[in-house]
Amino acid sequence: MANWVLHSLIDGIRTEPGPDAQHLPAGASPGRPVSQRLNTTVAAQMAALCPSGALAVNEDAVAVNFAHCIHCQRCRQPSGALQWRDDAQWSQWRDSAANPLPRRYRHSVNVRYLDAGACGACMGEVRQIDAPPYNLHRYGIFITATPRDADVLLVAGPVTEAMRLPLRKTYEAMPEPKRVVTMGVCAINGGVFGQSFASIGGVGEVVPVDLVIAGCPPPPLAIVHGLLLAAGQLQGLQDGEDARP
Ligand code: SF4
Ligand code: SF4
């Protein structure tokens with residue numbers, strides 16, 4: 001332990017500010033595109049450039065649908081024309097009926113993570129959330145191995161046929177009240193994998209979803225943001241932004 005502290009002091013490892021900060025840590029993620037006003041011709045060019053149909057042109061403005069943005073960065077300045085925002089507030093309730101866990105859970109939430117068929121990048125991001133730089137535990141949120149102890153089910157990836165039953169069983173094994181949070185566009189609607197003989201598509205095809213975290217993949221602080229939202233500690237995407245299926 002003493003060596004770890006010494007190593008941290010020498011190398012400058014420290015816990016980053018929370019996801020309510022205005023900026024992501026340097027080098028962690030370029031952030032996300034924002035809806036904005038653009039010259040009509042340029043807006044149409046950006047929409048044509050987008051490989052996933054995430055950009056919609058409305059006269060002299062372009063709107064980003066985060067449910068389809070795969071973060072290819074083609075639209076990002078300077079090669080593209082869109083400004084990006086480097087915050088971590090990428091989450092949104094699935095519909096107006098969804099709400100956080102009851103207040104008594106606010107500082108004691110157990111999360112069961114399930115990979116339902118992800119490419120591996122979502123897994124790479126979620127593995128960092130309880131490491132020292134992001135320090136999930138400071139919020140009273142913990143990863144648990146068993147669904148019997150879980151209050152939140154965090155799911156990544158499109159749901160493969162092989163994972164349909166494990167996902168359903170995991171959900172059913174969790175006690176009430178429970179919330180389902182999805183991370184990444186694949187878990188919203190199948191993402192780049194879509195629907196096929198092997199992929200069912202989004203998590204909502206199998207279990208009811210409460211909250212979606214956009215991104216491909218979402219960076220660790222955006223995942224923490226979604227979990228804090230489920231715990232009732234933060235607000236979601238701003239008015240006019242959309243990450244719903
Ligand atoms: S970053 Fe997202 S919105 Fe921009 S071009 Fe790629 S998929 Fe489309
Ligand atoms: S959302 Fe992106 S990073 Fe996550 S599983 Fe799908 S393709 Fe991979």
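First listed ligand is number 1; within each ligand, the first listed atom is number 1. For clarity, every value in this text was computed on a predicted model and none was experimentally measured.
Atoms of ligand 2 found under 4.0 Å from any heavy atom of P217 (numbered from 1 in listed order, with element): 3 (S). The V185 neighbourhood of ligand 2 comprises atoms 1 (S), with distances under 4.0 Å to a heavy atom of that residue. Those atoms of ligand 1 that come under 4.0 Å of a heavy atom in S52, given as number and element, are 7 (S). Ligand 1 places these atoms under 4.0 Å from at least one heavy atom of L55: 3 (S). Listed by number with element, the atoms of ligand 2 under 4.0 angstrom from any heavy atom of G184 are 1 (S). Taking every non-hydrogen atom of W84 and a distance limit under 4.0 Å, the qualifying atoms of ligand 1 come out as 1 (S). The distance from ligand 2 to the heavy atoms of C119 drops below 4.0 Å at these ligand atoms: 3 (S), 5 (S), 7 (S), 8 (Fe). Taking every heavy atom of Q73 and a limit of under 4.0 angstrom, the matching atoms of ligand 1 come to 1 (S), 6 (Fe).
Going from atom CD1 of I213 over to atom CD of Q92 covers 12.0 Å, rounded to the nearest 0.5 Å.
Here the closest heavy-atom approach between residue P147 and residue P175 is recorded as O-CD, 3.6 Å. The minimum heavy-atom distance linking Q89 with R32 is given by the pair O-NH2, 3.5 Å. Considering every non-hydrogen atom in both P218 and A214, the closest pair reads CB-O, 3.2 Å.
With A121, G124, C186, G157 as candidates, the residue nearest to atom 3 (S) of ligand 2 on a non-hydrogen basis is A121. Of the candidates C75, G215, P33, the one placing a heavy atom closest to atom 4 (Fe) of ligand 1 is C75.
Ranking the protein heavy atoms by distance from atom 5 (S) of ligand 1 puts C72 SG, 3.5 Å first. When only non-hydrogen protein atoms are considered, atom 2 (Fe) of ligand 2 lies nearest to C216 SG, 2.3 Å.
Residue-ligand proximity: I70 is placed with a non-hydrogen atom under 4.0 Å from ligand 1.
Side-chain atoms of Y105 and P100, non-hydrogen and from C-beta on, never get closer than 4.5 Å to each other. When side chains are defined from C-beta on, T40 does not count as touching E59, because their heavy atoms never get closer than 4.5 Å.
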side-chain contact (heavy atoms from CB on, under 4.5 Å) assessment of V64 paired with F66: CA-CA 6 Å; V64 184; F66 292 105; 3.8 Å; yes

CA sep, side-chain torsions, deciding dist, call: E161, R164, salt bridge (Lys or Arg N to Asp or Glu O under 4.0 Å): CA-CA 5 Å; E161 274 296 344; R164 181 199 292 264; 3.2 Å; yes

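Distances from atom 6 (Fe) of ligand 2 show that C122 has no N/O/S atom below 2.8 Å. For atom 2 (Fe) of ligand 1, the set of nearby N, O or S atoms under 2.8 Å includes one belonging to C69. Taking 2.8 Å as the criterion, C50 counts as a coordinating residue of atom 8 (Fe) of ligand 1, since one of its N, O or S atoms falls below it.
Taking the six-membered ring where the residue is Trp, H71 and W90 present parallel rings, their angle staying beneath 30° rather than reaching 60°.
Connection of M46 to I70 is not established within any shared hydrophobic cluster, with ILVMFWY side chains joined at heavy-atom distances below 4.5 Å, either directly or through further cluster members.
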